[in-house]
A.B. asks: 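Next up is a structure, given as structure tokens.
The figures that follow rest on heavy atoms only: side chains count, while hydrogens, waters and symmetry mates do not.
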Amino acid sequence: EAQVTQNPRYLITVTGKKLTVTCSQNMNHEYMSWYRQDPGLGLRQIYYSMNVEVTDKGDVPEGYKVSRKEKRNFPLILESPSPNQTSLYFCASSFWGPGNIQYFGAGTRLSVL
Amino acid sequence: AQKVTQAQTEISVVEKEDVTLDCVYETRDTTYYLFWYKQPPSGELVFLIRRNSFDEQNEISGRYSWNFQKSTSSFNFTITASQVVDSAVYFCALSELANNLFFGTGTRLTVIP
């Protein structure tokens with residue numbers, strides 16, 4: 001089954017404790033992206049990757065890191081999480097090119113205490 | 001700069017009523033793509049429709065229809081004979097020549113039985 005898999009689905013952590021949210025897709029998509037969803041703000045892009053070893057900042061990259069060492073994986077790293085990073089995070093993937101449909105993972109709900 | 005506005009934050013309708021969700025966009029590009037996604041209470045994001053800027057034909061899919069008007073920069077979504085299962089948050093999104101999606105803030109639709 002074609003899918004985007006995020007783990008974990010729920011995470012509670014404390015300020016400053018490094019964490020990684022994994023994202024994997026099995027559709028051979030070149031493009032992958034991370035978004036955060038906050039009430040009243042919709043979804044905002046954090047980082048995206050056009051292909052292996054090619055990443056770029058989205059609209060809200062501060063406090064996050066990403067890497068794309070393999071085509072299927074695109075982990076999101078919070079080196080020193082803070083309470084303002086409490087949010088719902090989505091990973092998405094698509095084929096590269098204008099207008100391609102992005103398919104989303106189930107989401108990761110993160111709480112930073 | 002690109003922008004998507006969903007002015008309706010929340011809408012409530014009684015089952016079987018028709019409801020229209022508004023989406024207004026801004027872009028300087030002549031080639032762009034518009035999307036609607038649905039986020040049911042379970043939280044995942046489900047793709048509904050994609051239109052490109054060169055195709056202003058309205059589209060109907062079952063109880064769903066979409067009205068794309070370049071003259072007013074709008075891409076509105078109508079649900080006919082709403083059902084309780086239509087209760088969700090609906091997002092309108094825009095992408096230009098790259099894959100990056102710019103989302104509106106979403107409209108929460110509640111269908112009352």
Side-chain angles (χ1 to χ4, degrees), chain A residues 1-6 8-10 23 25 27 29-51 54-61 66 68 74 87-110, chain B residues 1-10 21-55 61 66 68 75 88-108:
Chain A
E1 179 190 355
Q3 59 186 2
V4 179
T5 304
Q6 291 179 230
R9 292 290 314 281
Y10 303 92
C23 175
Q25 51 92 7
M27 295 171 277
H29 287 163
E30 299 89 5
Y31 179 90
M32 297 185 75
S33 182
W34 277 102
Y35 298 86
R36 61 177 288 174
Q37 181 181 357
D38 301 291
L41 297 176
L43 282 86
R44 295 176 293 166
Q45 190 176 47
I46 302 170
Y47 268 95
Y48 63 96
S49 169
M50 292 173 283
N51 214 325
V54 182
T55 64
D56 206 349
K57 297 177 181 179
D59 294 323
V60 288
V66 293
R68 187 92 180 273
F74 190 44
S87 187
L88 178 59
Y89 291 87
F90 286 99
C91 179
S93 73
S94 72
F95 290 112
W96 173 248
N100 278 304
I101 299 165
Q102 289 191 30
Y103 296 95
F104 285 78
T108 295
R109 188 167 292 280
L110 172 66
Chain B
Q2 58 286 110
K3 186 177 178 183
V4 177
T5 301
Q6 295 180 256
Q8 305 152 308
T9 305
E10 296 191 26
L21 309 183
D22 298 334
C23 174
V24 174
Y25 62 91
E26 294 177 29
T27 178
R28 293 179 183 167
D29 285 5
T30 55
T31 301
Y32 53 89
Y33 298 81
L34 296 163
F35 301 79
W36 278 94
Y37 282 84
K38 175 182 180 180
Q39 186 177 43
S42 51
E44 73 272 24
L45 282 158
V46 179
F47 164 76
L48 293 178
I49 191 172
R50 170 191 59 190
R51 301 308 300 273
N52 71 56
S53 53
F54 298 107
D55 184 2
S61 175
W66 290 269
F68 175 31
F75 186 41
V89 180
Y90 291 87
F91 290 98
C92 181
L94 164 75
S95 75
E96 296 163 333
L97 288 181
N99 283 50
N100 300 352
L101 278 175
F102 299 94
F103 283 86
T105 52
T107 298
R108 180 179 298 278

A.B. asks: Below 4.5 Å from any heavy atom of chain A, which atoms of B:N100 appear? Answer side chain, backbone, both or neither.
C.D. replies: both
A.B. asks: Enumerate the salt bridge (charged side-chain N to carboxylate O under 4.0 Å, His left out) contacts for residues 95-107 of chain A, please, sequence neighbours excluded, ordered by first and then second residue.
C.D. replies: none
A.B. asks: Atom CE of A:M32 and atom OG1 of A:T55: how far apart are they, to the nearest 0.5 Å?
C.D. replies: 12.5 Å
A.B. asks: Under 3.5 Å, side chain of A:R9 to main-chain N/O of A:G107, donor-acceptor pair present?
C.D. replies: yes
A.B. asks: Heavy-atom cut-off 4.5 Å, strictly under: side chain, backbone, both or neither for A:F90 against chain B?
C.D. replies: side chain
A.B. asks: Please walk me through it: do A:L110 and A:Y10 pass side-chain contact (heavy atoms from CB on, under 4.5 Å)?
C.D. replies: CA-CA 6 Å; A:L110 172 66; A:Y10 303 92; over 6 Å; no
A.B. asks: I need the B:T105 OG1 to B:Q6 CD distance, nearest 0.5 Å.
C.D. replies: 5.5 Å
A.B. asks: Can you list the residues of residues 30-39 of chain B that sit under 4.5 Å from chain A, counting heavy atoms only?
C.D. replies: B:Y33, B:F35, B:Y37, B:Q39
A.B. asks: Who in residues 41-48 of chain A is close to chain B, using a strict under-4.5 Å heavy-atom cut-off?
C.D. replies: A:L41, A:G42, A:L43, A:Q45, A:Y48
A.B. asks: Can you tell me how far apart OG (A:S33) and CD (A:Q102) are? Round to the nearest 0.5 Å.
C.D. replies: 5.5 Å
A.B. asks: Do you know which two heavy atoms are closest between A:Q6 and A:Y89, and how far apart they sit?
C.D. replies: NE2-O, 3.0 Å
A.B. asks: For the side chain of A:N100 and the backbone of A:G97, is there at least one donor-acceptor N/O pair under 3.5 Å apart?
C.D. replies: yes
A.B. asks: What part of A:D59 gets within 4.5 angstrom of chain B, counting heavy atoms only: side chain, backbone, both, or neither?
C.D. replies: side chain
A.B. asks: Run the ring-ring contact (aromatic ring centres under 6.0 Å, His included) test on B:F103 and A:Y35 for me, step by step, so that the C-alpha distance in whole Å, both residues' side-chain angles and the decisive distance to 0.1 Å come before the verdict.
C.D. replies: CA-CA 10 Å; B:F103 283 86; A:Y35 298 86; 5.6 Å; yes
A.B. asks: Indicate every side-chain donor-acceptor pair of residues 89-98 of chain B with a distance under 3.5 Å to a residue at least two apart or in another chain.
C.D. replies:
from: B:Y90; atom 1: OH; to: B:D86; atom 2: O; distance (Å): 2.6
from: B:E96; atom 1: OE1; to: B:Q2; atom 2: NE2; distance (Å): 2.7
from: B:E96; atom 1: OE2; to: B:T27; atom 2: OG1; distance (Å): 2.6

A.B. asks: Counting N and O atoms only, with roles assigned by atom type, does the side chain of A:S49 sit under 3.5 Å from a partner on the main chain of A:N51, one being a donor and the other an acceptor?
C.D. replies: yes
